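Right, one structure below, let's go through it.
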Amino acid sequence: MASSAQPRRRFAERLWREGAITRPEVAEAFATVPREAFVTEGFHGRDGTWVAPDAEGFLDAVYTNDVLVTKVEDGRATSSSSQPSLMATMIEALGIGPGTRVLEVGAGTGYNAALMSATGARVTTVDVQPDVVERAGAALASVHSTVDLQLGDGYAGWAAGAPYDRVIVTVGVAGASPLWLDQLAPGGFVLAPTRHAGHHPVLRVTRAAGGTVHAAGVCAAGFMSAAGPLSAVYPGAHPLGGDPLPAATVSHPARFDPPLDVFGYHDLWFALGAWDSRTTYAHTPDSAGNGGCALLDELTGGGAAIWPDGAVDGSGPNARAYAERASALVDRWLASGRPAVPAWRAPMTLDGDPASPIWVARDWRLVPGDLQEP
Ligand SMILES: C[S@@+](CC[C@H](N)C(=O)[O-])C[C@H]1O[C@@H](n2cnc3c(N)ncnc32)[C@H](O)[C@@H]1O
C-alpha cells in the first residue's frame, strides 16, 4: 500500500481549516497516526458499500471526514471508527496533554485511543466485544502504541487503571455510570454522548464535592447505542423514536431561508428536547429515509415533525395541536436567541436499572437563564 504520510497531513490540515482542530498537538496527532492501520480488513462507507483494503482509492476513503463502519450485525452497525471531526472536537474538549490519565469507553478500532496517546496522554481503553478488542489490539501493536486495551463492559470503567483525569465515552449512552465518577481524580470530568431527544449529544459530566452531579452540553453528535446497562430506558426519558409518522394533515410553512445548517438544526433540536419530553427522532412518509426532529404523540399516534427550514408537519388525530405546540417551541427558541448545545445545564439524578444505575440529566436550563417560561 502507498505511504499515507501525505494524505494524512492533508487530512489534518483540512480538519484544521474547517475548525474541527484548533490545537497544534491535536493536528500533529491526526497527521501522525495512520488511520488505515485501524481498518486493515476494510470498512463500510456511509452509503453502505464495502471498501476493501486493496480497493482503488482505499486511502482516499480512509482520509475523509466520515465514519468507517467496521462491524455490522442484523443490519445494525455495532463498531466503527467515528467521524474524525467529532473525534477532534471531543479530544479538544478533554483538554489533554502529556501525562493526562484517560479512560476511554468504546475502544472500537483503537484509532481514537491512539490519537489521544499521540498527544502524550496515558490511555486505557475498554470495549465489550471480544473480536473488536482482538482487532484493536493488533492495530495498536502495529503502530507500537502504549495504549492499555481491555475487554469488559464499560459500565464498570476500569478500576485497575484509576484514578483518571478524564473519562471519554465513544458510544451512545443513556446516562453516566457512577463508577466512572468514582474512578475520576479530583477536578476530572466525563465526556459522554448521552441520549437526548432521539440522538446522542455530547455532555460533560462533573461531580461536585458535595456529591451532586451535573451535565453541561458540549456539542451535537450521533453515535451507535451502547450494550448493557449504559443504554437503560428510564421513566420520563424521551421516546426512543425511529418509527415513521403518518402522512401530514396540517402543515406550517418554512421560516428559515436558507434552512438551518446541521449545527443550527441540532441546536434547535436540543432545545425542543429540553422543553418537551415528547421530542425524538422520526421519519415521515416524505422524508426519504432521512428522519428529523419530531414531537411524538405516543398515546394516539402521529405528532409533529420539525424540519431544518422551520416547516412543521402535523399528523395523527391531534395533528393541529401538535403542529401548534411545535411551532410555539420554534418561536421560543428564536426568542431565546437561538441557544446552542453548550448553553444548556442540568442536574443529574440516578435512574435506570437499580442493580446498575446511571446518572441521567433532568430539568435542562439555559445559562445564564431561560429567557421565557414554558
Ligand atoms: C463507535 S465505536 C467506538 C469508536 C472508537 N473509539 C474508535 O476510535 O474506533 C463504539 C464501540 O463501543 C463498544 N461498546 C458498546 N457498548 C459498550 C459497553 N457497554 N462497554 C464498552 N464498549 C462498548 C462497541 O463494541 C464499539 O466497538
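Note that ligands are numbered from 1 as they come in the structure, with each ligand's atoms numbered from 1 the same way. All of these numbers come straight from a predicted model, not from anything done at the bench.
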Heavy-atom side-chain contact between Asp331 and Arg255 under 4.5 Å: yes

Intermediate values then yes/no, salt bridge (Lys or Arg N to Asp or Glu O under 4.0 Å), Asp276 and Arg278: CA-CA 5 Å; Asp276 197 312; Arg278 295 167 295 183; 2.7 Å; yes

Whether over 12 other heavy atoms sit under 6.0 Å from Arg23 CZ: yes

For atom 6 (N) of ligand 1, which of the options Gly106, Ala226, Gly108 provides the nearest non-hydrogen atom? Gly106

Enumerate the atoms of ligand 1 whose separation from the nearest heavy atom of Ser81 is less than 4.0 angstrom. 9 (O)

To the nearest 0.5 Å, atom OG of Ser117 lies from atom NE2 of His144 at 13.0 Å

Of all the atoms in ligand 1, which lie at a distance below 4.0 Å from a heavy atom belonging to Gly152? 20 (N), 21 (C)

Pick, from Ser79, Pro84, Ala107, the option with the minimum heavy-atom distance to atom 5 (C) of ligand 1. Ala107

Looking only at protein heavy atoms, which one is nearest to atom 9 (O) of ligand 1, and how far off is it? Thr109 OG1, 2.6 Å

Show the atoms of ligand 1 that are less than 4.0 angstrom away from any heavy atom in Val132. 27 (O)

Considering only protein heavy atoms, which is closest to atom 10 (C) of ligand 1, and at what distance to one decimal place? Thr170 O, 3.6 Å

Taking the side chain from Trp333 and the backbone from Pro339, do they hold a donor-acceptor pair closer than 3.5 Å? yes

Note the single closest protein heavy atom to atom 11 (C) of ligand 1, along with its residue, its atom name and the distance in Å. Asp127 OD2, 3.5 Å

How far is atom 14 (N) of ligand 1 from the closest protein heavy atom, and which atom is that? Val128 CG1, 3.8 Å

Val171, Val39, Thr78: member with heavy atom nearest to atom 24 (C) of ligand 1: Thr78

Between Gly154 and ligand 1, does any nitrogen or oxygen pair lie at a separation below 3.5 Å? yes

Using only atom types and a distance under 3.5 Å, with no angle test, would you say the side chain of Gln150 pairs donor to acceptor with the backbone of Val126? no

Check for me whether Tyr155 has a heavy atom closer than 4.0 Å to any atom of ligand 1. no

Atom 8 (O) of ligand 1 - nearest protein heavy atom and its distance: Asn112 N, 3.0 Å

Which class fits the ring pair His196 and Phe270: parallel under 30°, tilted 30 to 60°, perpendicular over 60°? parallel

Arg325 (side chain) donor-acceptor with Ala304 (main chain) under 3.5 angstrom: no

Gln129: numbered ligand 1 atoms lying under 4.0 Å from its heavy atoms: 24 (C), 25 (O)

Which residue supplies the protein heavy atom nearest to atom 2 (S) of ligand 1, what is that atom called, and how far is it? Ser80 O, 3.5 Å

Side-chain donor/acceptor of Arg166 to backbone N/O of Leu94, under 3.5 Å: yes

Assign the ring pair Trp269 / His199 to parallel, tilted or perpendicular, where the plane angle (0 to 90°) is split at 30° and 60°. tilted

Are any of the side-chain heavy atoms of Pro84 and Phe11 separated by less than 4.5 Å? yes

Any N or O of Ser82 closer than 3.5 Å to N or O of ligand 1: no

Hey, does Glu104 come in under 3.5 Å of ligand 1, counting only N/O atoms on both sides? yes

Considering distance alone, does some N or O of Ala227 sit under 3.5 Å from an N or O of ligand 1? yes

